[in-house]
Amino acid sequence: MDKTNDKDMQALLNFGIEGVHYKVEDGKQSILIVPTDPMAPDINNKNMNQILSSIPYIINDMFKPSTPLRTKSIEVQKANEKIIVTNPGEPFTTATYTQKGAQLDQMVEDARIKFIVGKIDEAGFKADMDLWKKSGGDDYTKEISEAFAASKAK
């Protein structure tokens, strides 16, 4: 894991082995990653890049984006660094979330979608969130807050 931010490891996990899974070609505006055998399984379909521990800026620096969409994606990522709001509860788990997390997450997602598509109004969304709280959301919030406070006390 300590090597996942090295250039070579990021290239390996994103593209495979150079000369086996891909080759590098100079394009008119960028360096292109080209599969060596179009019939070979795509290394990304094996989800090797899922163990990367960060947004792969190193890869972005090694291989310039080959499409306008990829260029825009990198620009947006970098712009968002200035406004990102992290989730301080992300590293914690609780008994309530272990038991009811999937249900609680689904309740929030369903309410969000219903609100976005206009199936419920703001009052309906609030009612769904009240149900979320009664179904374990309040317990989860309390437990996560306690875990966060305990981590700061150390």
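It should be emphasised that the depicted structure is a prediction, and the values quoted were computed from it without experimental measurement. One-based numbering along the sequence shown.
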* To do: Could you identify which residues cluster with Ile83, counting Ile, Leu, Val, Met, Phe, Trp and Tyr as linked when any side-chain heavy atoms lie under 4.5 Å apart, either directly or through a chain of such contacts?
  => none
* **ILVMFWY clustering at 4.5 Å (side-chain atoms), partners of Ile84** => none
* By side-chain hydrogen bond (donor to acceptor under 3.5 Å, both in side chains), which residues pair with Asp105, not counting sequence neighbours? -> Tyr97
* Who are the side-chain hydrogen bond (donor to acceptor under 3.5 Å, both in side chains) partners of Asn87, not counting sequence neighbours? -> Glu90
* Non-neighbouring partners of Lys126 that pass salt bridge (Lys or Arg N to Asp or Glu O under 4.0 Å), sequence neighbours left out -> Asp130
* To do: Identify, with sequence neighbours excluded, every residue that meets salt bridge (Lys or Arg N to Asp or Glu O under 4.0 Å) alongside Asp139.
  => none
Which side-chain N or O atoms in residues 144-152 pair as donor and acceptor under 3.5 Å with protein atoms at least two apart or in another chain?
from: Ser145; atom 1: OG; to: Thr141; atom 2: O; distance (Å): 2.8
from: Glu146; atom 1: OE2; to: Lys142; atom 2: NZ; distance (Å): 3.0
from: Ser151; atom 1: OG; to: Phe148; atom 2: O; distance (Å): 2.7

* Asked: Excluding sequence neighbours, so at least two apart, what forms side chain to side chain contact (heavy atoms under 4.5 Å, CB included) with Val76?
  -> Lys72, Asn80
* Asked: What residues form a side chain to side chain contact (heavy atoms under 4.5 Å, CB included) with Lys3, not counting sequence neighbours?
  -> Asp6, Met9
Show the atom names and distances, to 0.1 Å, of all donor-acceptor pairs under 3.5 Å that link a side chain in residues 107-114 to residues at least two apart or in another chain.
from: Glu109; atom 1: OE1; to: Arg112; atom 2: NH1; distance (Å): 3.0
from: Asp110; atom 1: OD1; to: Gln106; atom 2: NE2; distance (Å): 2.7
from: Lys114; atom 1: NZ; to: Asp128; atom 2: OD2; distance (Å): 3.0

Could you list the donor-acceptor pairs under 3.5 angstrom formed between side-chain atoms of residues 115-125 and any protein atom two or more places apart in sequence or on another chain?
from: Asp121; atom 1: OD1; to: Ala123; atom 2: N; distance (Å): 3.2
from: Asp121; atom 1: OD1; to: Gly124; atom 2: N; distance (Å): 2.8

